[in-house]
Amino acid sequence: MTAFLIVLALVALLVVVTLIKSVRVVQQQTVGIVERFGKFKVGLQPGLNLLTPFVDKVRYTIDMREQVVAFPPQGVITEDNLMVSIDSVIYFQVNDPVRATYEISNYIQAIEQLTMTTLRNIIGGMDLEQTLTSREEINEKLRYVLDEATGKWGIRVNRVELRSIDPPPSIQDSMEKQMRADRDKRAAILTAEGMRQSAVLSAEGQKQSAILTAQGDRESRILRAQAEREARILKAQGEAQAITTVFNAIHAGKPDQGLLAYQYLQMLPSIAQGDSNKLWIIPSEIGKAMEGLGSAVGQIAGITQKAEGPFPEPDLGDSQAVSVDSGLGSAATPDAAVVEADNAVQEAIAAAQNAAVGNRAAQQAPPAVTSAPEQTSPVQDGPPLER
């Protein structure tokens with residue numbers, strides 16, 4: 001009984017092991033390579049698969065998804081003999097798992113070595129500047145070479161990317177200095193252009209300001225000249241009207257030689273006015289004026305002995321009445337001023353006539369005193385001299 005149980009247990013264990021060996025589950029996007037007695041038998045597809053126990057064996061499991069492999073930095077010499085460090089990333093996918101399994105032992109290591117040799121070949125034909133600025137070109141060349149080389153392995157290279165290209169530290173320092181110099185140059189150029197534009201705008205502004213100032217000055221001078229011309233015209237017209245009014249007023253009053261002689265004597269005191277007048281000139285006509293007012297003085301050229309002829313009185317209507325703005329009050333009316341002037345003229349004429357009559361009476365009487373000797377004071381005939 002015990003032996004029977006032992007045999008039964010061994011048979012059950014054999015059945016379990018056989019089932020385990022016969023059933024294989026393959027994951028999605030995965031292919032199992034089955035060998036029978038060391039020879040490729042079939043590729044297991046994703047899902048549940050049955051195998052011949054103890055005969056078939058799953059030798060490899062190939063991942064069919066796109067894979068990413070990053071390779072460590074590799075030293076590469078450029079055309080201008082500079083060592084640069086380049087690390088790359090490869091994106092590839094297994095298309096034929098059988099060929100990927102049996103055509104090459106380790107396709108990842110093969111891709112890495114192929115990438116290194118291809119990079120050295122490509123970078124060796126470029127200088128440093130081209131290497132730093134031609135990443136896209138390098139990626140395309142590298143992908144083409146890798147895809148062509150890995151095609152027989154059942155592998156397709158989708159993309160190749162260079163993550164970094166690191167030149168030597170001394171070259172990096174020089175490049176930084178060059179970049180700094182370029183930036184300083186661009187900054188200086190922009191500053192100079194800004195200063196030039198500012199100077200141009202300032203000059204244009206000054207020019208416009210000068211033009212506007214000159215135009216304003218010209219218009220101001222024109223307006224001042226016009227105002228001055230009109231003022232002179234009005235002043236001349238006013239003086240002409242004043243002279244005409246005075247001339248008509250004098251002739252309307254009909255003055256004669258007696259009035260003029262009287263006015264001449266009234267002006268003598270004004271000659272001696274002033275504290276600094278130590279010497280003053282008496283005209284030669286003073287003696288004749290003293291002898292007689294009017295008749296004793298000879299007729300002055302240009303002034304008649306007796307004013308004749310009609311002279312119109314000046315028109316002193318309401319338009320000639322002017323109010324004094326300085327606070328002296330309103331002037332007298334034109335009629336009152338004319339009457340007052342006529343009265344003064346008549347009084348002066350009467351005084352001159354009385355003086356002339358008294359002089360004639362004195363001349364008819366016998367002289368009581370001999371004529372005085374000539375004056376010792378300096379007397380000059382003709383017009384008075386200036387001091």
Side-chain angles (χ1 to χ4, degrees), residues 10 12-77 84-125 135-165:
L10 292 174
L13 180 62
L14 180 60
V15 171
V16 171
V17 173
T18 303
L19 289 175
I20 294 173
K21 292 290 186 178
S22 300
V23 178
R24 178 60 61 91
V25 178
V26 179
Q27 300 295 329
Q28 183 68 30
Q29 291 294 329
T30 305
V31 175
I33 304 299
V34 179
E35 294 180 351
R36 179 174 291 180
F37 300 113
K39 183 180 179 181
F40 171 74
K41 172 62 178 177
V42 69
L44 299 181
Q45 299 299 321
L48 181 62
N49 296 273
L50 297 177
L51 300 175
T52 302
F54 306 107
V55 176
D56 296 337
K57 181 180 180 180
V58 178
R59 185 67 174 175
Y60 300 101
T61 302
I62 305 300
D63 191 353
M64 302 298 293
R65 294 175 297 178
E66 185 175 5
Q67 301 180 42
V68 180
V69 179
F71 299 134
Q74 303 294 329
V76 181
I77 299 176
V84 293
S85 179
I86 300 177
D87 58 339
S88 58
V89 178
I90 306 297
Y91 298 82
F92 68 94
Q93 186 177 9
V94 177
N95 293 331
D96 190 348
V98 177
R99 296 175 65 180
T101 303
Y102 296 106
E103 292 293 335
I104 189 168
S105 62
N106 189 345
Y107 56 83
I108 295 179
Q109 185 179 3
I111 292 175
E112 180 180 2
Q113 296 300 323
L114 183 60
T115 301
M116 293 175 55
T117 56
T118 306
L119 275 177
R120 290 174 180 175
N121 185 23
I122 295 173
I123 300 301
R135 285 178 176 244
E136 193 68 25
E137 181 181 357
I138 296 173
N139 294 336
E140 187 64 25
K141 289 182 179 180
L142 185 58
R143 190 199 67 81
Y144 177 76
V145 173
L146 290 177
D147 187 46
E148 184 179 4
T150 58
K152 62 181 180 179
W153 300 338
I155 297 173
R156 181 169 61 89
V157 177
N158 296 326
R159 296 184 62 185
V160 178
E161 294 291 339
L162 301 182
R163 290 195 301 182
S164 63
I165 301 176

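Side chains are part of it too, since the values below use all heavy atoms of this structure and drop only hydrogens, waters and symmetry mates. As the structure is a computational prediction, the values presented were derived from the model and not from experiment. Residue numbers run from 1 in the order of the sequence given.
- Taking CG of Asn95 as the start and CZ of Arg156 as the end, the distance is 5.5 Å to the nearest 0.5 Å.
- Put simply, OG1 on Thr61 and CZ on Arg24 are 7.0 Å apart, with the number rounded to the nearest 0.5 Å.
- Counting non-hydrogen atoms of neighbouring residues, nucleotides and ligands closer than 6.0 angstrom, the CD atom of Gln29 exceeds 12 such neighbours.
- Here the CD1-OG1 distance, from Ile123 to Thr118, works out to 11.0 Å after rounding to the nearest 0.5 Å.
- Open room surrounds CZ on Arg159; 12 or fewer heavy atoms of other groups in view lie less than 6.0 Å from it.
- Atom CZ of Phe40 has more than 12 heavy atoms from other residues, nucleotides or ligands within 6.0 Å.
- Between the side chain of Ser85 and the backbone N or O of Pro73 there is no donor-acceptor pair closer than 3.5 Å.
- Annotation: side chain of Leu44 is in contact with side chain of Leu51 (closest heavy-atom distance under 4.5 Å).
- Phe71 pairs in a side chain to side chain contact (heavy atoms under 4.5 Å, CB included) with only one of the listed residues (Asp87, Ile86, Ile90), which is Ile90.
- Ile33 places a side-chain heavy atom less than 4.5 Å from the side chain of Val98.
- Under a cut-off of 6.0 angstrom, the local environment of CD in Gln109 is sparse, with at most 12 non-hydrogen atoms contributed by other residues, nucleotides or ligands.
- A donor-acceptor pair under 3.5 Å is formed between the side chain of Thr117 and the backbone N or O of Leu114.
- No more than 12 heavy atoms of other residues, nucleotides or ligands sit less than 6.0 Å from atom CD1 of Ile77.
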